[in-house]
Each structure stands twice: as C-alpha cells, then as structure tokens.
Amino acid sequence: MKKIAWILAAALLAGTAAPAQTIAPFKDGDRVVYLGNSITDGGHYHSYIWLYYMTRFPEMNLRMYNAGIGGETAGGMFKRLDGDVFSKRPTVLTVTFGMNDTGYMEYNGDNPEAFGEARYKECFENYKKMEKRLEGLDGVRVVMIGSSPYDETARIEGNTPLRGKNAVMQRVVEFQKASADAHGWEFIDYNAPLVEVGRQQQAVDPSFTLTGGDRVHPDNDGHMVMAYLFLKAQGFAGKEVADIRIDAAKGEVLESANCKISNLRKYGRDLSFDYLANSLPYPMDTVAHGWGMKRGQANAAKLVPFVEEMNREMLTVKGLKGNYSVLIDGEKIGTWSAGELAEGINLAEIVWTPQYQQALAVMHLNEYRWEIERNFRDYAWMQYDFFQDHGLLDANDRHAVKVLDREKSKNGWVGIHRENYSKLMHPAVREAREKEQELLIEQIYRINKPVVRKIELHRN
C-alpha cells in the first residue's frame with residue numbers, strides 16, 4: 001500500500017513539474033543565497049537542501065545563506081539587496097516572493113477581484129525594480145522560485161480560507177517564470193506541486209495541510225517536500241547513496257556503485273567484506289523544529305518518494321540459503337531471509353547503522369547552525385523592516401534603542417525581537433556568533449566523510 005502511494009505521488013508530481021524547471025546542481029565553491037519572506041526566513045527547505053549536499057557530496061565546499069525576512073514583499077526585498085543579499089557574495093541567488101505581496105483579509109471582503117488585481121500590479125511593479133538589479137549581476141546564477149501556496153482547501157477549525165488568494169499568487173508565479181525565460185534564468189514552481197499534494201491528501205483527510213493552522217507557513221514536512229522538488233529539479237532522482245551487489249555463491253562483487261568493496265571473504269556459510277561509500281545516507285529528523293512547527297521532516301516520506309528516488313543505500317546478496325544476520329562494525333542491524341537479501345535491503349532506512357548515526361550527527365550540527373542563522377535573520381528584520389524606515393539602518397546606538405522602546409508597544413514584532421537585537425547590536429557579540437556558526441560548519445565537514453565499514457553476514 002505504501003509503495004502504491006509513492007508511485008501515485010511520483011506520477012502526480014511529475015505531471016506538475018515542467019521540463020523548463022531543471023536547475024543545474026551546485027558546484028564546489030558555490031555560495032547559494034536564498035532570498036525570500038518568512039517562509040524562507042523561518043523555514044528549513046534551504047537547510048534540508050544543504051544537508052543533502054553535506055551527506056551526498058562530503059568533499060564539496062559549499063556555503064548556503066538564509067536571506068529571508070518575515071512579512072516582506074518584493075518591494076522590501078528590493079530595498080535590502082545591497083546590504084543584506086549581494087553583501088553575501090552569492091554565486092547562486094534564489095528569489096521567491098508572493099505570499100505577502102498578494103494581501104490577505106480583503107479576499108473575503110466586498111470586492112476581492114479588485115483587491116487582488118491591485119496587489120498583483122503592485123507586486124509586478126516592485127519586481128520590475130528588482131529585476132533590473134538582477135540583470136546587472138555578473139557571474140551569479142539566478143533561480144526564480146514560485147512561492148509555496150496559500151492553502152485554501154484544507155478544513156481548519158477557526159480559520160476561514162481567503163478564497164482567490166492563491167490564484168493571484170499563481171499569477172505572480174507566471175510572471176516570475178516569464179522573467180526567468182526572458183533572461184535565461186532557472187525556475188522552479190513550488191506552488192502547483194504543493195497544491196496537488198494537498199488535494200491528494202485532503203481527498204482522504206479534509207483537514208490535511210502542509211502548512212500550520214495559518215494556511216501560510218509550511219511545516220517541516222512541507223519544507224522537506226520543497227527540498228525534494230528542488231533536488232529533483234537538479235537531477236538527483238535515481239542517484240543512489242550506494243549500490244552493493246554480491247554473488248555469495250561465487251564470492252564475487254557484481255556491483256559497487258558510488259562505493260568501494262574490498263576484502264570479500266567467504267567462510268563456510270558466512271561472508272564479510274569492507275565497504276567504503278562515497279556518501280552518507282540522508283538523515284530524516286523526526287522532531288519538529290522552528291517557531292510554530294508541529295511535524296518533523298521525516299513525515300515528508302509519506303507524501304513524496306524521496307527515499308525511493310534519492311536515499312537508497314542498497315545491499316543485495318544473491319546465492320544464499322536460509323536466514324542471515326547482518327552486522328556492520330560488529331553491531332547487528334537486523335535479520336533477513338535469503339530471498340529478502342537477494343531482492344535487496346535499503347540500509348538508508350535503518351537508522352541504527354553506523355553510517356546513519358554518523359549522518360545524524362551532521363544533521364544535528366546543521367540544525368544548531370540553522371538556529372544561530374535564525375538569530376541573525378531576526379536581527380536583519382529589525383534593521384531592514386524597522387530601523388531602515390526610521391533612518392537608523394545599522395546605527396546600533398543608544399538613540400536606536402530609544403526609538404525601538406518608544407515604538408515597541410505599537411508593533412508587536414519589535415517587542416518580540418527586542419531581546420535578540422539588544423545582544424546582536426554589539427559587534428563583539430555578532431562576531432562571536434558568526435565564529436560559532438563557522439565552527440559548526442567546519443565540524444560538519446570534518447565528520448561527514450564516510451569511513452570503511454566492515455559488513456558481515458552470518459547464517460542463523
């Protein structure tokens with residue numbers, strides 16, 4: 001039943017993804033900057049994409065940067081291009097907007113069509129200003145991302161949907177794609193595929209949503225679906241962690257894709273070999289992370305065929321009889337029949353293998369890195385969505401604090417970010433946090449290298 005659901009999901013998503021959405025894989029030395037609103041700011045899709053590269057290409061030197069700010073429109077993004085985006089020196093810049101640009105409550109007002117048209121036109125004009133700046137970038141790949149949708153169709157108690165909002169968002173996606181086509185930029189749409197995932201799931205459970213109760217912000221599983229779509233557009237479907245195929249009867253290695261098999265030994269009915277993979281399996285977090293998040297990243301495996309398409313570490317052994325215990329580095333990971341081993345087992349789905357545990361450490365370090373980066377994004381919100389409007393961008397002085405305290409009762413978000421700002425306004429604190437973040441990245445690239453594992457099969 002699970003396999004049928006995956007096949008249906010794969011067919012559904014393939015039908016909504018156009019060939020023009022192909023994105024070139026990142027390369028060694030790339031600096032990827034994700035420009036967006038709160039979905040980028042507080043979200044994980046970019047972190048999950050980087051985690052894939054951390055585990056699949058452990059020797060590749062990459063940097064990825066969150067450049068999202070909550071509540072922003074294309075107009076707000078345009079105003080901070082130099083100070084907050086280009087200053088990160090991107091070699092690849094992804095651009096997504098549309099949720100805030102298209103407005104909210106007026107869709108359930110007296111004239112939703114006129115409201116939607118006015119917001120669409122304003123968004124288009126703001127984007128045209130940004131487009132001119134993007135045209136002038138030298139040596140930077142631009143990737144347009146159609147925004148994840150506003151979920152109008154889920155039945156959410158206490159939340160009346162804004163009818164027609166997502167249709168206006170899809171019009172924004174259309175002009176993003178037209179702009180990408182005109183300039184030779186890359187493009188991917190999150191909106192239509194996520195709408196289809198929602199519709200498929202809501203046919204069974206009308207309350208299902210990839211977002212939280214606000215219909216706006218994808219939960220961790222929604223962000224993993226977004227990461228899956230991005231990685232699929234980069235051509236990673238069908239790329240396995242490793243593929244080990246052994247003929248036990250002949251004592252031969254039949255296949256060793258993306259890995260090296262050595263010291264294959266057969267003794268009686270048992271056998272062993274050394275296994276050095278080029279990659280680690282992709283770890284899937286079961287814990288919800290981030291403000292307002294309720295579901296873990298791993299839940300996405302029920303929605304899209306990520307494991308089947310991109311996370312296969314296959315061990316296939318033919319020519320056996322009976323049942324066999326499989327050990328890795330002396331630790332038993334399970335028992336399978338000769339038939340099951342001949343068909344192949346996916347080691348990447350077994351979370352207690354030594355290599356999966358190694359990948360989990362990478363995942364947790366990446367999450368710590370994400371948390372620190374989030375502090376800097378809250379600081380950026382204060383600078384670009386508050387102080388810039390008061391002529392105090394990067395002032396970080398006593399007068400700025402007085403203005404903040406004067407206005408915080410009028411703006412709840414200013415009050416929420418006040419404590420974080422009071423720390424990061426000091427250069428020494430920012431420097432220390434930046435060093436902490438860099439230490440985490442260095443540790444990730446220190447421990448993400450696969451090591452030789454001894455695999456044994458013992459007849460029970």
Side-chain angles (χ1 to χ4, degrees), residues 33-46 65-88 90 93-106 116 118-134 142-150 162 165-166 168-169 171-173 175-176 179 190-191 211-212 214-218 223 226 290-292 373-394 404 407 410-417 420-421 424:
V33 176
Y34 296 86
L35 174 59
N37 50 36
S38 60
I39 296 167
T40 298
D41 175 9
H44 273 79
Y45 70 91
H46 38 75
Y65 301 91
N66 181 346
I69 285 185
E72 275 208 331
T73 64
M77 294 175 197
F78 169 74
K79 290 194 296 182
R80 62 182 173 90
L81 285 177
D82 289 307
D84 191 38
V85 181
F86 299 160
S87 61
K88 292 178 171 59
L93 175 62
T94 77
V95 181
T96 185
F97 53 89
M99 184 64 74
N100 303 308
D101 304 75
T102 51
Y104 292 97
M105 300 310 296
E106 290 83 353
R119 294 306 296 256
Y120 170 82
K121 289 180 178 178
E122 182 180 355
C123 179
F124 182 79
E125 292 304 318
N126 282 331
Y127 171 69
K128 295 307 285 185
K129 292 186 289 185
M130 190 194 305
E131 183 183 49
K132 288 183 179 180
R133 296 299 311 279
L134 299 180
V142 176
V143 181
M144 284 287 156
I145 299 179
S147 173
S148 59
Y150 174 82
L162 305 173
K165 174 177 170 60
N166 198 57
V168 181
M169 291 182 65
R171 291 179 63 196
V172 172
V173 174
F175 78 62
Q176 281 185 281
S179 176
Y190 284 159
N191 197 293
T211 68
D214 65 359
R215 302 181 182 273
V216 171
H217 298 93
H223 278 276
M226 292 156 69
W291 183 75
E373 188 174 46
R374 279 289 304 110
N375 290 157
F376 278 99
R377 296 322 300 160
D378 288 343
Y379 173 77
W381 185 94
M382 290 293 295
Q383 294 294 348
Y384 292 100
D385 273 22
F386 179 73
F387 286 125
Q388 183 169 244
D389 293 338
H390 290 80
L392 293 169
L393 182 63
D394 295 325
L404 184 161
E407 298 292 325
K410 306 173 188 176
N411 187 328
W413 287 110
V414 172
I416 289 171
H417 296 317
N420 186 65
Y421 172 75
L424 292 181

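Small disclaimer: the values here were computed from a predicted structure and weren't measured.
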Where do Leu93 and Val85 land on the side chain to side chain contact (heavy atoms under 4.5 Å, CB included) test, with the steps shown first? CA-CA 9 Å; Leu93 175 62; Val85 181; 3.7 Å; yes
Where do Pro149 and Asn191 come nearest, in terms of heavy atoms and distance? CA-ND2, 3.5 Å
Do you know which two heavy atoms are closest between Asn37 and Met77, and how far apart they sit? N-CE, 3.6 Å
Taking all non-hydrogen atoms of both residues into account, name the closest pair between Ile39 and Ser147 and its distance. CD1-OG, 4.3 Å
Donor-acceptor pair between Thr102 and Tyr150 side chains, under 3.5 angstrom: no
Quick check against the 3.5 Å criterion: does Lys88 have a side-chain atom that pairs as donor or acceptor with the backbone of Tyr65? no
Return the CD1 to CG distance between Ile416 and Asp378, rounded to the nearest 0.5 Å. 9.5 Å
Closest heavy-atom pair and its distance - Phe97, Ala74: CD1-CB, 4.0 Å
Apply side chain to side chain donor-acceptor pair (under 3.5 Å) to the pair Tyr45 and Thr40, showing each step before the final yes or no. CA-CA 8 Å; Tyr45 70 91; Thr40 298; 2.7 Å; yes
For the pair His46 and Tyr34, name the ring-plane relationship: parallel under 30°, tilted 30 to 60°, perpendicular over 60°. tilted
Please give me the minimum heavy-atom distance between Asp385 and Asp389, naming the atom from each residue. O-OD2, 3.8 Å
With the threshold set at 4.0 Å, does a side-chain nitrogen-carboxylate oxygen contact exist between Glu125 and Lys128? no
For Ser38 and His217, what are the C-alpha separation, side-chain angles and deciding distance, and is it a side chain to side chain donor-acceptor pair (under 3.5 Å)? CA-CA 8 Å; Ser38 60; His217 298 93; 2.6 Å; yes
Taking side chain as C-beta onward, heavy atoms only, is Asn166 less than 4.5 Å from Met99? no
Short question: side chain of Asn100, backbone of Thr73 - any donor-acceptor pair under 3.5 Å? no
Taking atom CG of Asp41 and atom CD1 of Ile69, what is their separation to the nearest 0.5 Å? 7.0 Å
Hey, what's the ring geometry for His223 with His44, parallel, tilted or perpendicular (30° and 60° as the breaks)? perpendicular
What's the spacing between Gln176 CD and Phe124 CZ if we round to 0.5 Å? 11.5 Å
Please find out if less than 6.0 Å separates the ring center of Tyr120 from that of Phe175. yes
Mutual orientation of the aromatic rings belonging to Tyr379 and Tyr421 [parallel < 30°, tilted 30-60°, perpendicular > 60°]: parallel
Within 45° cone and under 6.0 Å: Lys79 NZ/CZ vs Tyr384 ring: no
With a 3.5 Å distance limit and no angle check, can you tell me whether Gln388 reaches the backbone of Leu393 through a side-chain donor-acceptor pair? no
Between Arg80 and Glu72, does at least one N-O distance fall below 4.0 Å, as a salt bridge requires? yes
How many angstroms lie between atom NZ of Lys165 and atom CZ of Arg215, to the nearest 0.5 angstrom? 12.5 Å
Given the rule in the side chain to side chain contact (heavy atoms under 4.5 Å, CB included) test, do Glu407 and Phe386 qualify, once you have shown the distances and angles that lead to the verdict? CA-CA 10 Å; Glu407 298 292 325; Phe386 179 73; 3.7 Å; yes
Beyond-backbone contact of Tyr190 with Val173, side-chain heavy atoms, under 4.5 angstrom: no
Hey, what do you get for NE2 (His417) to CD (Gln383), rounding to the nearest 0.5 Å? 12.0 Å
How long is the span from the CG atom in Asn420 to the CG atom in Leu424, to the nearest 0.5 Å? 4.5 Å
Any side-chain heavy atom of Lys132 within less than 4.5 Å of one from Phe78? no
Audit row: Asn126, Asp101, side chain to side chain donor-acceptor pair (under 3.5 Å) steps and yes/no: CA-CA 9 Å; Asn126 282 331; Asp101 304 75; 5.2 Å; no
Given Val33 and Thr94, is the side chain to side chain contact (heavy atoms under 4.5 Å, CB included) satisfied, shown in steps? CA-CA 6 Å; Val33 176; Thr94 77; over 6 Å; no
Exercise: identify the closest heavy-atom pair between Leu35 and Met130: CD2-SD, 4.3 Å
Arg133 and Asp82: CA distance, side-chain angles, deciding distance, side chain to side chain contact (heavy atoms under 4.5 Å, CB included) verdict: CA-CA 10 Å; Arg133 296 299 311 279; Asp82 289 307; 2.9 Å; yes
